[in-house]
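Just so it is clear: chains get the letters A, B, ... in the order the sequence lines come, proteins before strands, and each one is counted from 1. The structure presented is a predicted model; accordingly, all values stated were derived computationally and were not measured.
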Amino acid sequence: MKLNNKIGYLLILPAMIFVMIFSLWPVFQSATYSLFDYQLNDQTKSRLSISNQYNLELFQETNRYLNFYLDSEKETATLEQSKEKIDALLQKINAYETDILSNYGEEKVVKISEDEKNDLEAFAQTVIQSINEIYALNDEGFAIEEDVLAVTGGYDSSMIKPNFIGLNNYKQALKDTRVRTALLNTLVFTFFSISLELVFGILLALIMNKAMFGRGLIRSLSLIPWAIPTVVSALIWLYLYNGSSGVVAMIFSKIGLISKPTDLLLTSTAAMGAVILADVWKTTPYMALLLLAGLQTIPNTVYEASAVDGAHKLQQFFRITLPMLKPSILVALLFRTLDAFRVFDLIYVLTGGGPGGKTETISIYAYKAMFAQTKFGYGSALTIIIALCVAIICYFYIKVLNVDISSRE
Amino acid sequence: MKKLMTNKNLTKAFSIFIIFYLIVIVFPFIWVLVTSFKPESEIWGKSALKLISENPTLDHYRALAQNNVLRGIKNSFIVASLTTIYVTVISIFAGYALARLQFRGKNFVLTLVLAVSMFPQMIVVGPIYNMFNELGWTNSYNIIFPYSMISLPVAIYILVTHFKKIPFTLEESAKIDGATPMQTLLKIVTPLALPGIFTSAIITFIGVWNEYVLSLTLNTDLSFHTAPVAISFLRGQFEIFWGQVTAAAVVVTIPTLIIVLLFQRQIISGLTSGALKE
């Protein structure tokens, strides 16, 4: 067939631009962040730097305060010698500042070379030395020695050391027990949700396929849990689960699953079970609808032929239905496994990861690391770990189980 | 005769299972609906388990106007509609190219789109947050642009599936009559693919309507909260007013309910075209 390169590229261009800017670029950014000790709330770590940088704004501020304090010391000073020394020092500082600023212009934070770094450090040293000399005069009029010395700390803070730390975030993550717990929680949640959804989903699909009354109604009702925002279903279940007025919590304690209603969200196993149950409620109908569509592609004649040969229902299910449904099952499982592994909304709203981190999944930890602790570098490393796990899951399904998701001819 | 009996029993068992299933699905909604009309005093304690309220009240629904949920619904509606429009338009172009045209790198693009749909969303949240802060885009409707990540791949896949179903002959005769590929797409294929386009639009709309993390992170200002964020903020630190929460849940569920009842067929077709081999 004829190649339509030009028109083809033109048509996919808008979509590709969006994918580049809002999907691929952020992924590369996250990968980059993960190599830095990048913390939004820490002034010296709030940007990525491989080289040394200098905070000119802080430098100027430091000089301003030194001018102000030393001037006031000069006014109260009694010795002529100390006044002279203060004047000399201030002149030196101001000359140096003018010199530096003329080199860099308006920027607040600038990259500096190794030589410039040494120069700036040497300058800070001489200033501190001069100040020490001034106070060595023991002038009676001096009143704020401590303040002056404290201000000189600004020179040190102006020097921003590179926060590139290579793979250290990942090393830290491997040692972090909270990561291990979160990964384990995620796996437990994924395994049990998916297994239950699959079993119930197949059962439901079989029944819906046979159902003789209200098919449309059953389908519509099945779609609702899937279609409402996860946050809303999380709140609905939070209400049903809560210890003082939740009907499900009360039922569970009546039939002995938990010893008292408040235990449901406050003990670790029960809370995980509660979260899984809420997920199963929301996604089983969706799973069933996917499998139902697969069931409907199996021609009836196959069943009729096997019935003639004397096969009974159970044999038909294991010998015909399951094998023929396998492709649909695997594709549905792949999508659901990925969704369950990335779970965030449901658990974040329902338990917030509690009690005591017992339902915290890796996505929730990554989000909290970034936005509650503002450790962007570490949080990004965690999101990259999630992406790697997702890649492994995909590889497993596609290579080991032979799921075919791309060709749809 | 014996076979007939087992079939009858099976039918009975099936019916019972179906009814049980429907109860499980519907029960939480019914319970929430009931609670939303109870005064706060009846939600706790002894009357918590009563199905019918003694003093039904609309107070919780009136409170919605003050607690930001209605504004959240408005915002969600705007954001979901805008996203649906632009995502659908660019997915029609991309979907058509991927379904019908031969060009170098096509398989790479298909793989890329599939890969993006599998990315964990959490991976883009940090960089997008920084991007929005630098551009001054936080607390605005610009959030529709990063929503391309969650909706574009799905929309493109649904449309590719649908475009492939349209018979080739029409396009070929158009080509013989001298139509350019662009004219063929706009005048012939698009009208024929309308059901598919509609399906992809609905799936996009629902996906964006339900999105939580990006909205929570980028639009922190109350006036730009979307419905899921607004309703999640009713879960206070120490106290939850279940009356308001349940009333909000009812109100947020209604648009979804309408969409599902009206477009059940399209939604199921959209869901399965992503997961079924034709």
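- The shortest non-hydrogen separation linking B:Ser117 to A:Arg342 is O-NH1, 3.6 Å.
- Heavy-atom pairs under 4.5 Å with chain B peak, among A:Ile393, A:Leu24, A:Asp345, A:Val232, at A:Asp345.
- Per-residue heavy-atom pair counts under 4.5 Å with chain B were compared for A:Val231, A:Val27, A:Thr32, and the maximum is reached by A:Val231.
- Neither the backbone nor the side chain of A:Cys389 comes within contact range of chain B; no heavy atom of the residue lies under 4.5 Å from a heavy atom of that chain.
- Taking chain B as the reference chain and counting heavy-atom pairs below 4.5 Å, the highest number among A:Ile236, A:Leu13, A:Leu338 is found for A:Ile236.
- Note that CG of A:Asn242 and CD1 of B:Ile240 are 7.0 Å apart. Values are rounded to the nearest 0.5 Å.
- Rounded to the nearest 0.5 Å, atoms CG (A:Leu238) and CG (B:Leu234) are 11.5 Å apart.
- Using bins of under 30°, 30° to 60° and over 60° for the plane-to-plane angle, the ring pair A:Tyr239/B:Trp242 lands in the tilted bin.
- Below 4.5 Å, heavy atoms of chain B meet heavy atoms from A:Met370, A:Phe371, A:Phe376, all part of residues 370-380 of chain A.
- Of the two parts of A:Leu289, the backbone and the side chain both hold a non-hydrogen atom closer than 4.5 Å to a non-hydrogen atom of chain B.
- Per-residue counts of heavy-atom pairs under 4.5 Å with chain A were compared for B:Leu185, B:Ile231, B:Val245; the largest is that of B:Ile231.
- Residues B:Tyr212 and A:Thr230 are not in side-chain contact: their nearest non-hydrogen atoms beyond the backbone lie 4.5 Å or more apart.
- Rounding to the nearest 0.5 Å places CE of B:Met122 at 9.0 Å from OG1 of A:Thr383.
- Closest heavy-atom contact between A:Ser23 and B:Val116: OG-CG1, 3.6 Å.
- Taking every heavy atom of both residues into account, B:Ile156 and A:Ala15 meet most closely at CD1-CB, 4.1 Å.
- From B:Phe17, atom CZ reaches atom CZ of A:Phe200 across 7.0 Å, with rounding to the nearest 0.5 Å.
- Remark: B:Ser36 pairs with B:Tyr61 by the side-chain hydrogen bond (donor to acceptor under 3.5 Å, both in side chains) rule, at least two apart or across chains.
- Here B:Thr217 is the residue among B:Val32, B:Thr217, B:Val229, B:Val125 with the most heavy-atom pairs under 4.5 Å with chain A.
- The closest side-chain heavy-atom distance from B:Val109 to A:Tyr9 is not below 4.5 Å.
- B:Leu152 touches chain A through its side chain: at least one heavy atom from C-beta onward sits under 4.5 Å away, while N, CA, C and O do not.
- Within the 4.5 angstrom heavy-atom criterion, no atom of A:Phe28 approaches chain B.
- With respect to chain A, the highest number of heavy-atom pairs below 4.5 Å among B:Asn130, B:Asn107, B:Val89, B:Val160 belongs to B:Asn130.
- Here the side chains of A:Trp25 and B:Val124 are not in contact, with every heavy-atom distance at 4.5 Å or above.
- Counting heavy-atom pairs under 4.5 Å between each of A:Asp339, A:Ile21, A:Leu10, A:Val349 and chain B puts A:Val349 at the top.
- More than 12 heavy atoms of other shown residues, nucleotides or ligands fall within 6.0 angstrom of atom OH in A:Tyr286.
- B:Tyr96 places a side-chain heavy atom less than 4.5 Å from the side chain of A:Leu11.
- In this structure, CG on B:Leu22 lies 6.5 Å from CG on A:Leu217, to the nearest 0.5 angstrom.
- Interface remark: A:Ile386 contributes backbone and side-chain atoms alike to the contact with chain B (heavy atom separation under 4.5 Å).
- Put simply, the side chain of A:Met16 reaches to within 4.5 Å of the side chain of B:Leu112, judged on heavy atoms.
- Using a 4.5 Å cut-off between heavy atoms, A:Leu291 does not touch chain B at all.
- At least one side-chain heavy atom of A:Pro229 sits less than 4.5 Å from a side-chain heavy atom of B:Val252.
- Annotation: side chain of B:Phe103 is in contact with side chain of A:Ile12 (closest heavy-atom distance under 4.5 Å).
- One finds the CG atom of A:Leu40 at 6.5 Å from the OH atom of B:Tyr129 (value rounded to the nearest 0.5 Å).
- For the pair A:Leu292 and B:Ile268, the minimum side-chain heavy-atom distance is 4.5 Å or more.
- Contact count versus chain A (heavy atoms, under 4.5 Å) is highest, among B:Val113, B:Leu216, B:Thr246, for B:Leu216.
- B:Ile206 touches chain A through its side chain: at least one heavy atom from C-beta onward sits under 4.5 Å away, while N, CA, C and O do not.
- In this structure, no portion of B:Ile150 lies under 4.5 Å from any heavy atom of chain A.
- Residues satisfying the salt bridge (charged side-chain N to carboxylate O under 4.0 Å, His left out) test with A:Arg219, not counting sequence neighbours, are none.
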Could you pull out every donor-acceptor pair under 3.5 Å between side chains of residues 221-228 of chain A and any protein atom, sequence neighbours left out?
unit_1, atom_1, unit_2, atom_2, d
A:Ser222, OG, A:Ile218, O, 2.7
A:Ser222, OG, B:Tyr21, OH, 2.7

After noting the C-alpha distance and the side-chain angles of A:Val390 and B:Phe119, does the key distance pass the side-chain contact (heavy atoms from CB on, under 4.5 Å) rule? CA-CA 8 Å; A:Val390 163; B:Phe119 282 166; over 6 Å; no

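- Neither the backbone nor the side chain of A:Phe341 comes within contact range of chain B, judged by heavy atoms closer than 4.5 Å.
- Per-residue heavy-atom pair counts under 4.5 Å with chain B were compared for A:Ile7, A:Leu204, A:Leu240, A:Val19, and the maximum is reached by A:Leu204.
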Assess the residue pair A:Phe22 and B:Tyr147 against the criterion (ring pair (Phe, Tyr, Trp, His ring centres under 6.0 Å)); give the C-alpha distance rounded to whole Å, side-chain angles, the decisive distance to 0.1 Å, and a yes or no. CA-CA 8 Å; A:Phe22 295 104; B:Tyr147 277 162; over 10 Å; no

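- Ranked by heavy-atom pairs under 4.5 Å with chain A, the first of B:Leu98, B:Val26, B:Ile128, B:Ile92 is B:Ile128.
- Aromatic pair B:Phe29/A:Trp281: centroids less than 6.0 angstrom apart.
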